[in-house]
Structures are given as structure tokens and as C-alpha cells.
Engineer: 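Can you keep this structure in mind? I'll have questions shortly.
As a basis for the values below, the full set of heavy atoms in this structure was taken, side chains included, without hydrogen atoms, waters or symmetry mates. In what follows, chains are A, B, ... by sequence order, proteins preceding strands, each numbered from 1. Note that the structure is predicted; figures quoted are calculated from it, not measured.
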Amino acid sequence: MGILEVKGVSKRFGGLQALGNVNLSIAENTVHAIIGPNGAGKSTLLNCLVGKLIPDTGSVMFDGQSVLGRKPHEINQMGISRVFQTPEIFGDLTVLENVLIPCFAKRDGAFELNAFGSVRSQADIRERAEQILLDVNMQDKGSMHAASLSRGDKRRLEMAMCLVQEPKLLLLDEPTAGMARADTNNTIDLLKEIKSKRDITMAIIEHDMHVVFSLAERITVLAQGTPLVEDIPEKIKGHPKVQEAYLGQAHDE
Amino acid sequence: MLGLKSKDTTLLVVVAILTLLAPFILNPFPENSALAQFNAGYPDLMQRFVIYGIFAIGFNILFGLTGYLSFGHAAFLGVGSYAAVWMFKLLSYNVVPAIMLSVIVAGIFSVLIGYISLRRSGIYFSILTLAFAQMSFALAYSVLSNPKFNLTNGETGLQVYADDPQIFHRAGLPDLPHFFGLSMRSTYTLDVGGWSFDFNAGYYFCAAIMLVVFYLAIRIFNSPFGLMLRAVKSNQQRLNYTGLNTRPYTLAAFVISGMYAGLAGGLLAAMDPLAGAERMQWTASGEVVLMTILGGAGTLIGPVLGAGFIKYFENIFSKINDGVLHAWFAFLPDGLENALVAIIHPFVGKGWQLTLGLMFMAIVIFLPGGLVEGGKRLGALFRRRSSDETASGETKPAE
């Protein structure tokens, strides 16, 4: 029984069957990659997991509880954090404030009317926030405006914001999209380091096969809204069905 | 001090000193000089400075922090005024219960309007609030004013009549709003040389309340709650995916700012016990938006500056008529004098809004951060200039 169990999920947008009967099980403490060509339904699947979309049929169980019908903030409080395709951070706030917010969310829950306390006096929260900035190597950028960071740093900041909540499941939507090679390798190292330091399950949606094969312990290949194969990376590499999905049929006329 | 950063404490102390000394600061010109009409130190106007300052401070908690632009805040101002006048009619002229009821009623009213309006964001939120405010205006102006059920007294405005119950009114108490016997109208005038300075009880009452709510606003700005509100403005989606429910945060901000508006409305009635429906009209809602943007949305002191700026214009510029202009340019030849008066005429007197509009445009285009940004740029300019001087002073010996 995996930490995340997706059973028979399908989703239709008008005439387009985006997902058709998807079954997926992600085991605890693994790095699970979901790959597939454009339009395979990867992002739709991810959106169904975080409460942005509600699937037409099927069930999504996380840690023994259903996530369907819950709002994004409730799903996050259950222990699922998400990194977006383009970094979603609080651009108007400083880097330190960006990581303070998830710390408050973790400690105080979805709503807390603390209108007269001072942010600075919350020593435990500040300590946590500064520690996570140290972990992702951004300790000297705490007072910078988040919007002025480089793209790679924005990504690191977003990951720090997710990690500081100590999620049970971290969803990464193309974490290296649009990054330079060096930044991509840094991200891979960062993710490996995170994985080695703590118990965390990761689900990665990715185009870059270099990233997928450096990180993933299991890979699911999606094509046209349905899972083609699921296996360990070594077996996926040479799998005929996968090659077919990516490169077209071998005997195409 | 008081749980504030040293910078904010300084700001609070400066504002406190300025408001306490306002009767002097706003009356810089001797009584009989030609410039005396630029004096703003008379009780009526000073009261309005601080009352609209409170209104704008509250509006800024919603608009400046969360970015939700409400076009209906005057409704809460009006509701506050009506509540206060009803307290005068039923209980007595004491302002304390009147103001407390203003705040409570405006709070309840803003929970209702906020709960519905905050289901949408952006322009749809603004339109919803505008619609609610116009509905409130229509209710106050006609619907809730008929012989069977007269809550607002329609066009005439709600006021206290001799046959009202006023159950706690006693013979020794003033027949005007008072603070436990101290009439809001009582004024002590200090004559020094050509100057005369008015110290008005109502002004100091309002000023004390403004300082308290300004302090509360600073606390809110620096609190975790304030941080979340700024996060709502910056990226609401990220905040949701960070496990925070944005709806109660925005609703709380809406209600707090509605209560500030109710307080301002109650104080307006406490200074002049009359509440009219025009106080709820959309122009009044637009005015507080102008004040906040003009002063600097999202800054602490900006809204107060904006409120003072607009109220000063409304009351001082509107009083400059052709007679005054002729007197100013009397030293010029007649033809030139008439020409100058003709050019300036549309911008003063009844045309004061034209000048205000031009200044508003100039500020929005050149200083998007409002008067506060202007101040900051001036400060930076002086600092650069002085550092340039020290730098050149250091290089000279080397040459």
C-alpha cells in the first residue's frame, strides 16, 4: 500500500479525454517520476492530486484519506506540497518572509488571527526559516526581494518553502524546466541531498530524461491519458512501448 | 517601545507630536495677512483631517495590504454616522456609547458585505462592493425613510429633535455631543500677536482616537496576520498551496477596515450630530481610494497624508474666488491682472477638483508610490548629494 493511491481516475475537458482510468501507486520514501510526451495528461493528473481539479471518476487516497473534494489548503495541511512549473513565490516580499509564511502555516494551521503579535518576536519560526535558507544555500539573500532573484534561485526558494513544511509527499512539476545545464545539475544535487537527509516521498513530472534517470527509483510512463508502463528506470530505458510513445510507431508508413 | 520597531516608534511619536501641535502648525499666517486664508487651523477642518485620516488608515489595511480595492467603504462610514445619531436620539449626547455602536454596527455590516463580495477578486470584487454601497445609499435615501418606519430621515438627514427620548440626558449636560460633560464644540482660543490658535475639545478627542487606531494599524502591519495579508496581495495561489485559507484572512481585513470606517463615521456625527445619505454615495467611496493612493497605498503614514492633502484642497482651494485673485495680482497692470485671473479662475474656487485631478494624475504617473515615495526620493536625493560632497572632499587631497 503506497502513500498515494490513485485508482481509476479519469478527467474529461469537453471532447478531450485528458485522463482515462489512471491507476498509480507511489510507495513511501521513493522518488517516483511520471513522464510522457506533451499532452499525455501529466499536469492534469498532478492538478487532480492537489485539489485544483476534481476528477470525473475514481479515487485519490493519500495516507489512507481521500483528497477528493478538499480545497488546496486542506490538502497541503495533510502533507502534500507542490512545486510549480514556473516558480510561484511571493515576489513582493523578502526571501526570509517567503519562508516565514509556510512556517506559520505549519505551526498555526490554515487560519490564525494573530493581528497584534510581532513577526520578529516569533523566535522558533525565525530559527526554522533561517535554517532552511542555510540548507538551500540562500542564507545571505534573506533580505532580498524575492522577485529580484534569478530563476534558479526562485526555484530553490520555492523548494525551501515546500520543504520547511516537512511534507510527506513533495510534488515537483518540471522542476528544471527552462534551466541552464549547470542549474539543472544543481537542482538534481539539491533533490538528492534532500532525499538523503530526510524521509520524504517525491513525485516528479519531468521532460528532461537526464533528470529523470538521475533521480527516479520508479517511473510511470503516461501516454494519451493512460499509464503505459510502470517499472524501474533500467527497464524503462529500452522498453519498446515507451520508445513508441515518444518516437512514434516503428513501422509507421 | 510598545512592541514596535524603533523606526515605527519614531513614526508614531512624530505623528503624535504633529497632531498635538496641529493648531500651531496649521495656522502659520497672522490673522490679518493676505495669506490667512491658507490657514487650516480652525476646529472644523482639523477634525475632518483626523477623521478622514482614520477612514483612510482603515481602508489601507484592506487595499494597501491585500490589494482588494473596495469601492463601497463609504457605506460603512454612513452606517457609523446613522448609528451614532441614533444613540444621541435614544440615550444622550454622550459620544462614547455612540462611537461604540458605530463601530459594532459597521463591523456587522461589513461581515455581511464582505462575506459575499470576497467570493470574487479583482474588478468583480470592486463592482460588488460598489453595488452594495449604492444599494445602501438608496436604502438610506428613500426606502428606509417613510412615515411608518423612519430609520434614516431621507433627504433631510437624521438629526436629534427636541421630542427625542434621550433617556440619560440631564439638565446640566450640554445640548451638543459631549464627552462626559466636555462639549465637543468647546474651544480655547490663544491670541499671540497677530496670530490666534484654536484648541478644540472635539479635535483633541478625534486626534487621541486616531493615534490609538494608528498604533493598532502599525501592530497589524508588523503582525503575522499582516504578513499573510501582504502575501494575499503578492500571490494568492501560492498562499493556498502553502496550506493557508485566504478567505478568512481577507474577510478579517475587510471587517477591520469596515470598523475603522464606522469609527470615522461615528466621529463625524459626534462632531456634528447630523447623518445624511450623501455620506454613503460612491463619490465618498472614491474619495478614500484617492486619499490612499495619493498618500501611498500600503505605507503606514501615506493614507493620513493623502487624507490631509485632499481635505486641505477641498476646504482651502475652494475658497479662493475671483475677488481674492484680484487682490493678489493688484500690483500688476489691469490688463495683465485680468488675464491672469481669467487663466487661474477655472482651477480655484468651484474648480478646485480640477487642480486636485491634475495633481492626482501627476502623482500617479510620476510617483506611483504616492506622497510617501516622493518623500523617500527627496530623502535619497539629499543623501546622495551629501555623500557626493564627502566623496569629492576625500578625493581632492589626492589630486
Engineer: Count the heavy atoms belonging to other residues, nucleotides or ligands that lie under 6.0 Å from CZ of B:Arg120, then report whether that count exceeds 12.
Structural biologist: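 Open.
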Engineer: Okay, side chain of B:Tyr249, backbone of A:Glu112: is any donor-acceptor separation there less than 3.5 Å?
Structural biologist: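 Here the side-chain-to-backbone pair exists.
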Engineer: If contact means a heavy atom pair closer than 4.5 Å, which residues of residues 239-246 of chain B contact chain A?
Structural biologist: B:Leu239, B:Asn240, B:Tyr241, B:Thr242, B:Gly243, B:Leu244, B:Asn245
Engineer: By a 4.5 Å heavy-atom criterion (distance strictly below it), what part of A:Ile89 contacts chain B: side chain, backbone, both, or neither?
Structural biologist: backbone
Engineer: Would you say that more than 12 heavy atoms from the other residues, nucleotides or ligands in this model lie under 6.0 Å from the CZ of B:Phe382, or not?
Structural biologist: no
Engineer: Heavy-atom cut-off 4.5 Å, strictly under: side chain, backbone, both or neither for A:Val164 against chain B?
Structural biologist: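 Neither; nothing under 4.5 Å.
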Engineer: Name, in order of residue number, those residues of residues 216-232 of chain B that have a heavy atom at a distance of less than 4.5 Å from a heavy atom in chain A; otherwise write 'none'.
Structural biologist: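 So the qualifying residues are B:Leu216, B:Arg219, B:Ile220, B:Asn222, B:Ser223, B:Pro224, B:Phe225, B:Leu227, B:Met228, B:Arg230, B:Ala231.
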Engineer: Checking heavy atoms, do the side chain of A:Glu74, its backbone, both or neither come under 4.5 Å from chain B?
Structural biologist: neither
Engineer: For B:Lys376, which residues count as a side-chain contact (heavy atoms from CB on, under 4.5 Å) partner, sequence neighbours excluded?
Structural biologist: B:Val372
Engineer: Under a 4.5 Å cutoff for heavy-atom pairs, which residue among A:Gln165, A:Arg82, A:Arg120 has the most contacts with chain B?
Structural biologist: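 Ranked by contacts with chain B, first place is A:Arg120.
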Engineer: Could you tabulate the donor-acceptor pairs under 3.5 Å formed by side-chain atoms of residues 59-72 of chain A, not counting sequence neighbours?
Structural biologist:
{"unit_1": "A:Asp63", "atom_1": "OD2", "unit_2": "A:Lys168", "atom_2": "NZ", "d": "2.8"}
{"unit_1": "A:Ser66", "atom_1": "OG", "unit_2": "A:Leu68", "atom_2": "N", "d": "3.3"}
{"unit_1": "A:Arg70", "atom_1": "NE", "unit_2": "A:Ser66", "atom_2": "O", "d": "2.8"}

Engineer: Ignoring hydrogens, what is the shortest heavy-atom contact between A:Glu88 and B:Arg238? Give both atom names and the distance.
Structural biologist: O-NE, 2.8 Å
Engineer: Using the side chain to side chain contact (heavy atoms under 4.5 Å, CB included) rule, take A:Lys52 and B:Gln237 through it: C-alpha gap first, then chi angles, then the decisive distance, then the call.
Structural biologist: CA-CA 10 Å; A:Lys52 194 172 185 180; B:Gln237 161 151 297; 3.8 Å; yes
Engineer: Atom CD1 in A:Ile101, atom CG in B:Asn235: separation rounded to 0.5 Å?
Structural biologist: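 If we round to the nearest 0.5 Å, A:Ile101:CD1 and B:Asn235:CG are 9.5 Å apart.
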Engineer: Let's test your reading of the structure: which of A:Asp92, A:Ile75, A:Asn114 forms the most heavy-atom pairs below 4.5 Å with chain B?
Structural biologist: A:Asn114
